[in-house]
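Structure first, commentary second.
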Amino acid sequence: MRNLQKGFLSLVICSSFSVSAFANFTQAPLPYKTNALEPAIDQQTMEIHYGKHHKAYVDNLNAQIKTYPELDKLTVEQIQKQISKYNATVRNNGGGHFNHAFFWESLAPTNKTGKVSPKLLKQITQDFGSFEAFQEQFNQAATSRFGSGWAWLIVNPAGKLEITSTPNQDNPLMDIAEKKGQPLLGLDVWEHAYYLKYQNRRADYTKAFWSVVNWNKVNQRYEHAVK
């Protein structure tokens with residue numbers, strides 16, 4: 001009986017080690033309640049988007065550590081910058097995890113969004129002509145993305161602001177991105193991000209998005225990108 005107990009204990013320890021060894025990536029809690037972004041983004045969409053879609057990306061990325069053990073020592077940001085080294089599963093799920101974690105922090109309840117900093121507004125005006133022109137160009141990138149993907153505001157390698165879009169769960173940090181840069185703001189235009197409330201009206205979703213942009217976070221990212 002004692003040997004059986006030892007064997008069972010060893011099995012439990014090994015099983016626990018296996019689970020923890022392949023669980024480097026975790027899903028941070030939302031920084032607000034799931035209903036906090038209404039009416040722009042409804043509670044049911046948030047619950048499914050965060051609790052199902054994002055969670056699946058994290059779980060699937062963790063499962064890839066068995067294939068690529070070095071992932072266990074990398075941050076999700078580091079993975080993006082060398083994504084060409086890995087298979088499509090890492091690309092899709094690593095991108096999905098990064099993009100969604102970035103997206104949640106890009107949003108805030110309307111009473112906590114803050115305002116565009118004078119420094120960022122000056123750069124927006126310089127690179128796009130006006131804040132309104134910037135919004136129009138961003139909206140165009142979001143609504144014209146064929147199929148699923150993202151729209152982004154980035155600081156490009158030349159230090160200027162630029163708007164781009166990426167397919168699926170790609171992003172501008174990836175070494176395979178058509179336009180590379182440091183993301184400041186991103187909008188998820190996959191149908192699962194808006195279809196329950198907006199159906200096929202992606203333009204309405206994109207317009208509503210501006211009411212919940214977390215400018216405090218965007219300002220912070222800009223300061224970090226240009227320092």
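For Ala225 against Leu184, the heavy-atom pair with the smallest separation is CB-CD2, 4.4 Å. Closest non-hydrogen pair, Ala40 versus Val212, comes out as CB-CG1, 4.0 Å. The shortest heavy-atom contact between Arg221 and Ser106 is NH1-OG, 2.8 Å. Considering every non-hydrogen atom in both Asn93 and Ala56, the closest pair reads OD1-O, 4.0 Å.
A parallel orientation is assigned to the rings of Phe209 and Phe138, their planes being inclined by less than 30° (bins at 30° and 60°).
A donor and an acceptor atom, one from each side chain of His192 and His49, are located under 3.5 Å apart. Checked by atom type, the side-chain pair Gln64/Asn87 shows a donor-acceptor distance below 3.5 Å.
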Subject >> Working for side chain to side chain contact (heavy atoms under 4.5 Å, CB included), residues Met46 and Leu30 >> reply: CA-CA 10 Å; Met46 286 297 300; Leu30 281 173; 4.0 Å; yes
Original post:
Does the pair Leu153 and Phe134 meet the rule for a side chain to side chain contact (heavy atoms under 4.5 Å, CB included), with working shown?
Top reply: CA-CA 9 Å; Leu153 171 67; Phe134 149 66; 3.9 Å; yes
Original post:
Asn168 and Trp190: side chain to side chain contact (heavy atoms under 4.5 Å, CB included), yes or no, with the steps?
Top reply: CA-CA 8 Å; Asn168 302 316; Trp190 281 62; 4.2 Å; yes
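By the side-chain contact (heavy atoms from CB on, under 4.5 Å) test, Ser144 is found to be paired with Gln140, residues two or more places apart in sequence or in another chain being considered. Remark: Lys55 pairs with Asp59 by the salt bridge (Lys or Arg N to Asp or Glu O under 4.0 Å) rule, at least two apart or across chains. By the side-chain contact (heavy atoms from CB on, under 4.5 Å) test, Thr125 pairs with Leu121, sequence neighbours left out. Checked against salt bridge (Lys or Arg N to Asp or Glu O under 4.0 Å), Arg145 has no partners two or more places apart in sequence or in another chain. The side-chain hydrogen bond (donor to acceptor under 3.5 Å, both in side chains) search around Asn35 returns none, not counting sequence neighbours. Listed by chain and number, the residues in a salt bridge (Lys or Arg N to Asp or Glu O under 4.0 Å) with Lys217 are Glu105 (sequence neighbours excluded). Applying the side-chain hydrogen bond (donor to acceptor under 3.5 Å, both in side chains) test to Trp104 and every residue at least two apart in sequence or in another chain returns His54. For Lys81, there are no salt bridge (Lys or Arg N to Asp or Glu O under 4.0 Å) partners two or more places apart in sequence or in a different chain.
Figure legend: Arg201 and Tyr194 shown without cation-pi pairing, the cationic atom not lying both under 6.0 angstrom from the six-membered ring centre and within 45 degrees of its axis.
Of the possible donor and acceptor atoms, one in the side chain of Asn24 sits under 3.5 Å from a partner among the backbone N and O of Leu74. Checking side-chain atoms of Gln182 against main-chain N and O of Ile154 turns up no donor-acceptor pair under 3.5 Å. Gln27 contributes a side-chain N or O that, together with a main-chain N or O of Tyr50, makes up a donor-acceptor pair within less than 3.5 Å. For Glu47 (side chain) and Gln44 (main-chain N/O), no donor-acceptor pair under 3.5 Å exists by modelled atom type. A donor-acceptor pair under 3.5 Å is absent between the side-chain atoms of Arg91 and the main chain of Ser84, judged by distance alone. A donor-acceptor pair under 3.5 Å is absent between the side-chain atoms of Asn171 and the main chain of Asn99, judged by distance alone.
Contact check for Phe25 versus Ile65: side-chain heavy atoms found under the 4.5 Å cut-off. Looking at heavy atoms from C-beta onward, Leu161 lies in side-chain contact with Tyr222 at the 4.5 angstrom threshold. In this structure, Thr26 and Val58 have side chains that are not in contact, with every pair of non-hydrogen atoms separated by 4.5 Å or more. Taking the side chain as every heavy atom from C-beta outward, Ile124 and Val116 approach each other to under 4.5 Å. Val213 places none of its side-chain heavy atoms less than 4.5 Å from the side chain of Thr113.
Sequence neighbours left out, the pairs with a member in residues 114-141 that pass salt bridge (Lys or Arg N to Asp or Glu O under 4.0 Å) are Lys119-Glu223. Here side-chain hydrogen bond (donor to acceptor under 3.5 Å, both in side chains) pairs that include residues 205-214, with residues two or more places apart or in two chains, are Asn139-Trp210. Counting only residues at least two apart or in different chains, side-chain hydrogen bond (donor to acceptor under 3.5 Å, both in side chains) contacts with residues 148-164 comprise Trp150-Gln169, Trp152-Thr166, Asn156-Glu162, Glu162-Lys179.
For the atom pair CD of Gln80 and CD of Glu77, the computed distance is 7.5 Å after rounding to the nearest 0.5 Å.
Grouped with Leu196 in one hydrophobic cluster are Ile48, the linkage being side-chain heavy-atom contacts under 4.5 Å among Ile, Leu, Val, Met, Phe, Trp and Tyr residues.
Checked against a 6.0 Å centroid threshold, the rings of Phe131 and Trp215 count as neighbours.
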